[in-house]
Amino acid sequence: MDKETIHHALLDCSRARKAWRYSRFANYFHTSKTLDIAAFLHGLFHMLDKNDVGILFCFIWALWNQRNNIVHNQFTLPPQEVYDWSLNYFFKFLDAQHHYVSGSQSTSNSAQPRQIPISTGFKIFTDAAIDSVNQKHSIGVVVLDADNAVKAGFSAPFSGLVPPAVAEAKAVFQAIQWAQLISLPVDVLLTDCKSIVDKLSSSSWNNSVLDDVLSNIQNLLSFSPRLTISYVPRENNFLAHKLAKFGLGLDNELVWNGSLPSL
């Protein structure tokens, strides 16, 4: 038996190849898989922003971990699920980091459950979902009133793959644009992507696709001075998340008023 190499474990074995093809890095893998592992990773790092590099590290770790599982434990995830698992793991890490920082700032706050910001009017929840296999993404937007009753919302699919943060920012942009179009009296918009909230607060941007979308969001906010954008934990954003996932199976935009459609 040939000696195992890092290149083979991460790029060449059949399960790894399938996992790469089901990830958002599939195009790069297809054109660069013959490079040695150092050159392959160096080229990929230069293509990605900070969040995507984090997702890449989680993906590579998952590839290595799954290979160890099948060798030592005779159990592993299907290749088509490895990237989605990595994505979920990365977002859980971000949430854990946020909880840790918040807790270290105030012991009394850490003992309290996280609360959704109080709103006397409508509040909008947004989320995004990505389908790496079918090369598309979707956004979900849900409107709740002051009593947390669902009043309206929409789901819209888009062709092509984008970084997760860009998809989340598009959801925020589309939600604000829609609320302004129908003159919805909303004062709070909630997203579970904390990096978007932080970037909008600091305005420390670079030349990137994400920052272009954030700039457009800031432009829209100038027409809605009462509207604030806040972070909400993923577990409190399940309606928008469910709707975004539902949108991946749609051919056209879904819009409704009143209670949620059957999902």
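Keep in mind that what you see is a predicted model, and the values were worked out from it rather than measured.
- Side-chain atoms of His7 come within 3.5 Å of backbone N or O of Leu35 as a donor-acceptor pair.
- The minimum heavy-atom distance between Pro78 and Arg15, with the atom names listed, is CA-NH2, 4.0 Å.
- For Asn237 (side chain) and Thr126 (main-chain N/O), a donor-acceptor pair under 3.5 Å exists by modelled atom type.
- Contact record, Gly247 with Pro157: O-CB, 3.4 Å, taken as the closest heavy-atom pair.
- Cluster annotation: Leu161 is not connected to Met47 through the hydrophobic network of ILVMFWY side chains, with a link wherever side-chain heavy atoms come within less than 4.5 Å.
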Go through Val172 and Ile124 one step at a time and tell me if the side chain to side chain contact (heavy atoms under 4.5 Å, CB included) criterion holds. CA-CA 9 Å; Val172 173; Ile124 297 180; over 6 Å; no
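- Note that the CG atom of Leu243 and the CG atom of Leu239 stand 8.5 Å from one another [nearest 0.5 Å].
- No donor-acceptor pair closer than 3.5 Å links the side chain of Thr191 to the backbone N or O of Ala169.
- With hydrogens and angles disregarded, a donor-acceptor distance shorter than 3.5 Å links the side chain of Lys123 to the backbone of Asp145.
- When hydrophobic clusters are built by joining Ile, Leu, Val, Met, Phe, Trp and Tyr residues whose side-chain heavy atoms come closer than 4.5 Å, directly or via intermediates, Val232 is grouped together with Val150.
- With Phe40 as the aromatic partner, Lys33 does not meet the cation-pi criteria of under 6.0 angstrom to the ring centre and within 45 degrees of the ring axis.
- Side-chain N or O atoms of Gln180 include one that pairs as donor or acceptor with a backbone N or O of Leu220 at under 3.5 Å.
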Verdict with supporting geometry, Asp211 and Lys199, salt bridge (Lys or Arg N to Asp or Glu O under 4.0 Å): CA-CA 9 Å; Asp211 290 349; Lys199 270 182 165 281; 3.2 Å; yes
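- Within a 6.0 Å radius of NE2 in His30, other residues, nucleotides and ligands contribute 12 heavy atoms or fewer.
- Of the candidates Asp187, Val188, Val186, Thr228 forms a side-chain contact (heavy atoms from CB on, under 4.5 Å) with just one, namely Val188.
- The CZ atom of Arg234 sits 5.5 Å away from atom NE2 of His241, with the distance rounded to the nearest 0.5 Å.
- Between Phe122 and Leu144 the shortest side-chain heavy-atom distance does not fall below 4.5 Å.
- Aromatic rings from Phe59 and Trp20 are positioned such that their centres are separated by under 6.0 Å.
- Between the side chain of Ser224 and the backbone N or O of Leu221, no donor-acceptor pair lies under 3.5 Å.
- Evaluation of the side chain to side chain contact (heavy atoms under 4.5 Å, CB included) rule for Tyr22 yields Gln80, Val133 as partners, not counting sequence neighbours.
- Cluster membership check: Val141 shares its hydrophobic cluster with Ile182, using side-chain heavy-atom separations under 4.5 Å among Ile, Leu, Val, Met, Phe, Trp and Tyr.
- Summarising the geometry of Pro233 relative to Asp192, their closest heavy-atom pair is C-CB, 4.2 Å, with the distance given to 0.1 Å.
- Within the 3.5 Å criterion, the main-chain N or O of Leu200 finds a donor-acceptor partner in the side chain of Gln218.
- A donor-acceptor distance shorter than 3.5 angstrom exists from the side chain of Asp36 to the backbone of Ala38, with no hydrogens or angles considered.
- Residues passing the side chain to side chain contact (heavy atoms under 4.5 Å, CB included) test with Ile60 are Leu10, Leu41, Leu56, sequence neighbours excluded.
- Cluster membership for Ile139 and Ile196, using ILVMFWY side-chain heavy atoms within less than 4.5 angstrom, is shared.
- Not a single side-chain hydrogen bond (donor to acceptor under 3.5 Å, both in side chains) links Gln174 to another residue, sequence neighbours left out.
- Shown here for Ala9 and Trp64, the closest heavy-atom pair between the two residues is CB-CZ3, 3.7 Å.
- The CG atom of Leu227 sits 6.0 Å away from atom CG of Leu189, with the distance rounded to the nearest 0.5 Å.
- Rounded to the nearest 0.5 angstrom, Ile6 CD1 and Leu11 CG are separated by 10.5 Å.
- Judged by distance alone, with hydrogens and angles left aside, the side-chain atoms of Ser138 form a donor-acceptor pair with the main-chain N or O of Ala244 at under 3.5 Å.
- Under the 3.5 Å distance criterion, with hydrogens and angles disregarded, no donor-acceptor pair is assigned to the side chains of Asp131 and His137.
- Using a 4.5 Å heavy-atom cutoff, the side chains of Glu81 and Gln66 are not in contact.
- Put simply, the side chain of Ile176 reaches to within 4.5 Å of the side chain of Ile229, judged on heavy atoms.
- With a 6.0 Å radius and a threshold of 12 heavy atoms from other residues, nucleotides or ligands, Phe238 has its CZ atom at or below the threshold.
- Tyr231 and Val166 fall within a single hydrophobic cluster, where Ile, Leu, Val, Met, Phe, Trp and Tyr are joined by side-chain heavy atoms under 4.5 Å apart, directly or via other members.
- Not one N or O on the side chain of Ser32 forms a donor-acceptor pair closer than 3.5 Å with the backbone of Phe29.
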Given the rule in the side chain to side chain contact (heavy atoms under 4.5 Å, CB included) test, do Lys136 and Phe158 qualify, once you have shown the distances and angles that lead to the verdict? CA-CA 6 Å; Lys136 60 182 179 179; Phe158 300 89; over 6 Å; no
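- Between Asn134 atom CG and Leu248 atom CG the span is 8.5 Å, to the nearest 0.5 Å.
- Phe223 approaches Asn219 most closely through the heavy-atom pair CD1-O, 3.4 Å.
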Take Phe45 and Phe57 through the side chain to side chain contact (heavy atoms under 4.5 Å, CB included) test and state the conclusion after the steps. CA-CA 10 Å; Phe45 288 154; Phe57 275 118; 3.8 Å; yes
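- Side-chain contact between Pro164 and Ile55 is present, with at least one heavy-atom pair separated by less than 4.5 Å.
- Atom-to-atom distance recorded for Ser23:OG and Asn27:CG is 9.0 Å, nearest 0.5 angstrom.
- The nearest pair of heavy atoms linking Val82 to Ala19 is CB-CB, 4.2 Å.
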